[in-house]
Amino acid sequence: QVQLIESGGGLVQAGGSLRLSCAASGRTFSGYVMGWFRQAPGKEREFVAHITWTSGITYYADSVKGRFTISRDNAKNTVYLQMNSLKPEDTDIYYCATRRYLFRPIEVGSYDYWGQGTQVTVSP
């Protein structure tokens with residue numbers, strides 16, 4: 001059974017940084033895609049970034065491009081989201097998710113497994 005556990009959220013001032021982690025277990029993730037999404041109360045979950053587990057190909061939403069960096073450590077089965085120059089509008093619950101193959105990787109509905117989420121709050 002695939003399990004994803006996020007950590008690293010917290011409270012930070014605008015302009016600050018946080019690094020989120022997503023520890024994956026339950027299978028070999030070769031050929032999988034790992035995505036980060038975020039959701040505010042009453043809003044739809046939105047794509048943030050994704051990375052392919054084997055080749056490390058990355059893609060970002062325009063809203064975070066140049067500020068966030070997604071990376072992975074294959075030996076630790078962990079994906080990271082380094083978030084710099086944080087803004088109050090980045091305040092959300094952040095989720096990691098995974099699916100097999102690079103297919104519609106910016107769509108929420110294409111992912112099979114999700115973590116429980118970690119809260120990120122950016123104060124003005």
Side-chain angles (χ1 to χ4, degrees):
Q1 180 72 15
V2 173
Q3 189 173 22
L4 305 174
I5 300 177
E6 301 100 332
S7 61
L11 173 64
V12 65
Q13 288 187 331
S17 299
L18 281 175
R19 188 177 81 156
L20 305 183
S21 299
C22 175
S25 62
R27 65 159 297 118
T28 301
F29 291 94
S30 175
Y32 274 61
V33 177
M34 198 70 84
W36 282 100
F37 291 78
R38 62 187 183 185
Q39 186 173 22
K43 293 188 176 181
E44 292 187 354
R45 193 167 296 186
E46 65 175 18
F47 169 77
V48 175
H50 73 68
I51 186 167
T52 57
W53 200 270
T54 303
S55 57
I57 296 172
T58 60
Y59 184 78
Y60 298 90
D62 288 341
S63 58
V64 307
K65 201 173 295 183
R67 299 188 299 123
F68 291 11
T69 302
I70 189 171
S71 63
R72 90 276 192 229
D73 184 331
N74 289 8
K76 295 182 179 181
N77 262 14
T78 301
V79 174
Y80 304 98
L81 186 68
Q82 177 67 43
M83 305 186 295
N84 299 329
S85 302
L86 282 162
K87 307 174 182 179
E89 51 264 43
D90 294 318
T91 295
D92 277 318
I93 299 175
Y94 283 71
Y95 299 89
C96 66
T98 191
R99 62 152 290 131
R100 192 175 182 187
Y101 302 132
L102 188 63
F103 179 73
R104 297 181 179 176
I106 68 171
E107 296 182 11
V108 172
S110 76
Y111 285 80
D112 301 310
Y113 304 98
W114 291 84
Q116 82 289 348
T118 185
Q119 176 71 49
V120 171
T121 303
V122 184
S123 63

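For the numbers below, each heavy atom of this structure counts, side chains included, while hydrogens, waters and symmetry mates do not. Index from 1, following the sequence.
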message: In terms of relative ring orientation, are His50 and Phe47 parallel, tilted or perpendicular, with 30° and 60° separating the classes?
response: tilted
message: Give me the atom names and distance for the closest heavy-atom approach of Ser21 to Trp36.
response: O-CH2, 3.7 Å
- prompt: Distance from Leu11 atom CG to Leu18 atom CG, nearest 0.5 Å?
  reply: 8.5 Å
Rounded distance (nearest 0.5 Å) linking atom CG of Asp112 with atom CZ of Arg99: 6.0 Å
message: Measuring from atom SG of Cys96 to atom CG of Leu20, what distance do you get when rounded to the nearest 0.5 angstrom?
response: 9.5 Å
Short side-chain donor-acceptor distance under 3.5 Å, Arg38 and Tyr94: yes
field: Asn84 (side chain) donor-acceptor with Ser17 (main chain) under 3.5 angstrom
entry: no
- line: Separation between CD1 (Ile93) and CD (Gln39), nearest 0.5 Å, reads 7.0 Å
message: Would you call the rings of Trp53 and Phe29 parallel, tilted or perpendicular, taking 30° and 60° as the class edges?
response: tilted
task: Evaluate the side-chain proximity of Asp90 to Met83: yes if any heavy-atom separation is below 4.5 Å, no if none is.
output: no
field: Shortest non-hydrogen contact from Ile70 toward Met34
entry: CD1-O, 3.9 Å
- line: Taking every heavy atom of Ala97 against every heavy atom of Leu4, the minimum-distance pair comes out as CA-CD1, 3.7 Å
statement: In this structure, CG of Leu102 is separated from OG of Ser55 (nearest 0.5 Å) by 8.0 Å
query: Should Leu81 and Val12 be counted in the same cluster of Ile, Leu, Val, Met, Phe, Trp and Tyr side chains packed under 4.5 Å apart?
result: yes
- request: Nearest 0.5 Å please: distance from the OG1 atom of Thr69 over to the CZ atom of Arg19.
  value: 11.5 Å
task: For side-chain contact (heavy atoms from CB on, under 4.5 Å), just list the numbers for Tyr111 and Phe37, CA-CA rounded to whole Å, side-chain angles, deciding distance to a tenth of an Å, and then say yes or no.
output: CA-CA 11 Å; Tyr111 285 80; Phe37 291 78; 3.4 Å; yes
message: Are Val108 and Trp114 packed together at the side-chain level, in the sense that at least one heavy-atom pair is separated by less than 4.5 angstrom?
response: yes
Same apolar cluster (I L V M F W Y, side chains within < 4.5 Å links), Tyr95/Tyr80: no
- prompt: Got a donor-acceptor contact below 3.5 angstrom from the Glu6 side chain to the Gly117 backbone?
  reply: yes
query: Any link between Ile51 and Val2 through a network of hydrophobic side chains (Ile, Leu, Val, Met, Phe, Trp, Tyr) touching at under 4.5 Å?
result: yes
query: Hey, is CD on Glu89 packed in by over 12 heavy atoms from elsewhere, all under 6.0 Å?
result: yes
task: With the side chain counted from C-beta on, respond yes when Gln119 and Thr91 share a heavy-atom pair under 4.5 Å apart, and no when they do not.
output: yes
message: Looking at every heavy atom in both Thr98 and Tyr32, which two are closest together, and how far apart are they?
response: OG1-CD2, 3.3 Å
task: Examine distances only and state if a side-chain atom of Thr52 and a backbone atom of Ile57 form a donor-acceptor pair shorter than 3.5 Å.
output: yes
query: Which atoms form the tightest heavy-atom contact between Ala14 and Pro88, and what is the distance?
result: CB-CD, 4.1 Å
message: Taking atom NZ as the centre, does Lys65 end up with more than 12 heavy-atom neighbours from other residues, nucleotides or ligands that are less than 6.0 angstrom away?
response: yes
